[in-house]
Each structure stands twice: as structure tokens, then as C-alpha cells.
Amino acid sequence: FAGFEVFAEDHKHMRGDELTVKGVVREVYGVTELVECFATKTGSAATLPAPIELSTDDFQGCTERAEQYEGMLVSLGAVEVQPCQNLLTEALIAAGGKGGF
């Protein structure tokens, strides 16, 4: 995995902190999560990654091709974001008449 969602109700970590994270990986509604997690700060002031430049074509049909970008910082350029489609706060993103979640 290049990125995933970590659920921790009480944490004091800041953007740029380097962490060692342990927990249980699970898939919920197609989203990879890390639950029952514990994080130890191992450093700070880390350089944050630049977003990966993608197009909506990379997300057509929510395929395995799109799955590889789950939890990662991406940039889609000039797009139109339509209102949330469901309770998982997924939104339709469209560019040039093509869309993807």
C-alpha cells in the first residue's frame, strides 16, 4: 500500500511527523483502513510528498487501476466536483465529460 486511512480518535501527531504505526488492516465498503492502531513518533519535519498528477481517466469504473491510488495525495487538475453520492462521502469528479469517483 502507498496510503491508507488510519483511525485513531486521540492523537497529537502533526503533518510532517514520521510515525511507526501498528494496527489491524481491514476493508470496509471497498476502503482500506487501519484500526486498533498505535503510533510511535520516530521523527518530525519530514518533507511531504508532492501530489501524483492524474486524470479522471485513471479512475474510470473504480477498477484495480484506481485502487492503487487509494489514500494517496493526488492532483486531478481542472475538474468539476459534484455533490456527495452516498453516505461514504464519495463525490463524482468530472473533467471533459468523463467522470470517476
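Along the sequence shown, residues carry numbers from 1. Values in this document were obtained by computation on a predicted structure and should not be read as measured data.
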Colleague: With rounding to the nearest 0.5 angstrom, report the OH to CG distance, Y69 to L54.
Modeller: 5.0 Å
Colleague: How far apart are the closest heavy atoms of L19 and K41, and which atoms are they?
Modeller: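 Scanning both residues, the minimum pair turns out to be CD2-CA, 3.8 Å.
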Colleague: Would you say T42's side chain and E18's backbone share a donor-acceptor pair under 3.5 angstrom?
Modeller: yes
Colleague: Do the side chains of P51 and L73 get nearer than 4.5 Å, heavy atoms only?
Modeller: yes
Colleague: Minimum heavy-atom separation for D17 to S44, with atom names?
Modeller: OD1-CB, 3.8 Å
Colleague: For G23 and L34, work out which heavy atoms get closest and say how close.
Modeller: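 The pair with the smallest heavy-atom distance is C-CD1, 3.4 Å.
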Colleague: Can you check side-chain contact (heavy atoms from CB on, under 4.5 Å) on F38 and V21, steps first, answer last?
Modeller: CA-CA 6 Å; F38 175 80; V21 181; over 6 Å; no
